[in-house]
Amino acid sequence: MDQSLKNAPIGVTDSGVGGLTVVRELQKLLPGEDIVYFGDGANCPYGNRSREELEALLARNVAFLKGKGVKAVVVACNTTSALVDSAPRDFGVPLFTIIAPAAQAVRRCGAKKVGLLATEFTVRSGCYEKRIHALCPDVQVVAKGSPNLAGLVDCGAFDNAAINAEIFAQVGDVIAREPVTHLILGCTHYPIVEENFRACFPFVKLIDPAREEALAVSIALSAENLVKPAASGEKGRFEIYTSGEPAVYEKVAARLKLTPPDSVEKLSI
Ligand code: DGL
């Protein structure tokens, strides 16, 4: 990576508010970094869209962040990460995705029967199984797609009855198929409602891939001497752009106890 980019921001993109769960981990590991976030609320949920639609949306999101002069793009979204994972290519900027780091999280926890709840696109892609089995061939993965949960979270209403009903239905189906000990929260929106998962299935341990993705970013930037240090404890700047509702981003940033955003701007792109 280009050394002159040391003080450039890190770009993070997601279909909506979900990627703020990855920002939470980036802010813990790399507190001095400036972060530019783009959440595509107007087109969320991504998980029920076609490959062609997702290709176009991802290309546009990456182009937007490149226009902000970022040194790397963190694709927080599992759905678009699955897209890139199944057909890797050069975006003209260092790009991080979340599925391979998620497989590291599974290896690290040592589970043998793991549930996966993700969007329908992510589940259909088979990327999780491929990445997990490359690291730990003996792990049994029981996958289920949720067509509704990301949207229920992204609207910002936090309707616990509707959210819990969806979790009961989908995770209940996973457990009916196999007694999994762990559940991968395979969509960035799900850790925002992890308390709902815990309330519904207290005996299932949750795996949030966000930490591992942030760790991969931190390791790569450190290896290239490109980490922007936190000047005398000062936090990096944090800008949010969205095609959706700015108020939902402010609400979720507060819920996740992020460093408060310096700006939240609505875009029509
Ligand atoms: N948050 C995204 C993910 O991690 C997608 C949710 C959606 O937009 O369907 O997959």
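Remember, it's 1-based here, ligands and their atoms both numbered in the order they're listed. Note that this is a predicted model, so its numbers are computed, not measured.
C187 SG to F121 CZ: the interatomic distance, rounded to the nearest 0.5 Å, is 13.5 Å. Separating the CG atom in L258 from the CD1 atom in I240 is a distance of 7.5 Å, to the nearest 0.5 Å.
Close approach of ligand 1 to C44 is summarised as follows: ligand atoms under 4.0 Å from at least one heavy atom of the residue are 8 (O). Proximity to P45 (heavy-atom distance under 4.0 Å) selects the following atoms of ligand 1: 7 (C), 8 (O), 9 (O). The A150 neighbourhood of ligand 1 comprises atoms 6 (C), 7 (C), 9 (O), with distances under 4.0 Å to a heavy atom of that residue. Distances below 4.0 Å separate heavy atoms of D14 from the following atoms of ligand 1: 1 (N), 2 (C). Near Y46, the atoms of ligand 1 lying under 4.0 angstrom from a non-hydrogen atom of the residue are 7 (C), 8 (O), 9 (O).
A salt bridge between R51 and E53 is absent, with no side-chain N of the basic residue lying under 4.0 Å from a carboxylate O of the acidic one. By the 4.0 Å N-to-carboxylate-O rule, E212 lies close enough to R108 to be salt-bridged with it.
Counting heavy atoms from C-beta outward, L117 and F197 have side chains that approach closer than 4.5 Å.
R198 forms no cation-pi arrangement with F203, by the criterion of a distance under 6.0 Å to the ring centre and an angle within 45° of the ring axis.
Distance alone, capped at 3.5 Å, places no donor-acceptor pair between the R24 side chain and the A210 backbone.
For the pair N48 and ligand 1, the shortest N or O to N or O distance does not fall below 3.5 Å. By the 3.5 Å distance cut-off applied to N or O atoms, S15 is counted among the residues near ligand 1. Between H189 and ligand 1, a contact under 3.5 Å exists for at least one N or O pair.
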### Task
Could you please spell out the steps behind the ring-ring contact (aromatic ring centres under 6.0 Å, His included) verdict for Y241 and F38?
CA-CA 5 Å; Y241 297 89; F38 177 68; 8.0 Å; no
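With respect to atom 3 (C) of ligand 1, the closest heavy atom belonging to the protein is N78 N, 3.3 Å.
The heavy atom nearest to atom 9 (O) of ligand 1, out of those in G47, C77, P209, is found in G47. Around atom 10 (O) of ligand 1, the closest heavy atom drawn from V75, D40, T79, V17 belongs to T79.
Here T188 has heavy atoms under 4.0 Å from ligand 1 in both its backbone and its side chain.
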